[in-house]
Amino acid sequence: MSTLQNVEALFRRLLQSGRLEGFPRNPLHLDTVLAVASGGLIRRRPHTESEVNEVLSDWLASVRADIDHVTLRRRMVDCGFLKRTTDGSRYFLNYGRVAGVLGDPAIEVDVGALADDVLFDRESRKYAHMRK
């Protein structure tokens, strides 16, 4: 189970370039990214594929990701964060999987704001370096 500080530290490292460039290779870090990405989905409610796509697209935009929503959705299904009906028409958040990674209630992290902070810090250092 992660703490808020651990999750924020992980995302600060992953967003060093100002964007999420891909999935982390470490399985624990990948689980954390997928659990946080699921934050916009509602528990105990079926979602259509288009609803899931919209939530994931918004999350990916907030972290300026080089990943598309389809790849993220498939990875979430493969890793057990999303379940879908056999015909693929409905998706369900596997909150037990999310809680196993982020705790219950799940840690909420505003990764969009964190990405903005990291980018601002990066640009500030670059500007300070140029003034020397």
Say you draw a straight line from CG of Leu15 to CZ of Arg64; how long is it, rounded to the nearest 0.5 Å? 8.5 Å
Between Leu20 and Val70, is there a shared hydrophobic cluster once you connect ILVMFWY residues whose side-chain heavy atoms come closer than 4.5 Å? no
Nearest 0.5 Å please: distance from the CZ atom of Arg90 over to the NE2 atom of His47. 10.5 Å
May I ask you to check whether over 12 heavy atoms, not counting those of Arg19, lie within 6.0 Å of atom CZ? yes
Does a side-chain heavy-atom distance below 4.5 Å link Leu60 with Asp68? no
Rounded distance [0.5 Å steps], CG in Leu14 versus NE2 in His29: 7.5 Å
Does Met76 belong to the same Ile/Leu/Val/Met/Phe/Trp/Tyr cluster as Phe92, with side-chain heavy atoms less than 4.5 Å apart forming each link? no
OG1 of Thr85 to OH of Tyr91, rounded to nearest 0.5 Å, is 8.0 Å
To the nearest 0.5 Å, tell me how far Leu56 CG sits from Glu51 CD. 11.5 Å
More than 12 heavy atoms of other groups within 6.0 Å of Arg45 CZ: yes
Roughly how far apart are Leu72 CG and Phe23 CZ, rounded to 0.5 Å? 5.0 Å
Hydrophobic cluster membership, Leu102 vs Leu28, 4.5 Å side-chain cutoff: no
Give the intermediate values and the outcome of side chain to side chain contact (heavy atoms under 4.5 Å, CB included) for residues Phe81 and Val101. CA-CA 10 Å; Phe81 289 90; Val101 174; 4.0 Å; yes
Test of understanding: with side chain to side chain contact (heavy atoms under 4.5 Å, CB included), list the residues that count as partners of Arg43, not counting sequence neighbours. Leu93, Tyr95, Asp104
Please walk me through it: do Glu49 and Arg73 pass side chain to side chain contact (heavy atoms under 4.5 Å, CB included)? CA-CA 9 Å; Glu49 184 174 302; Arg73 187 187 71 233; 3.7 Å; yes
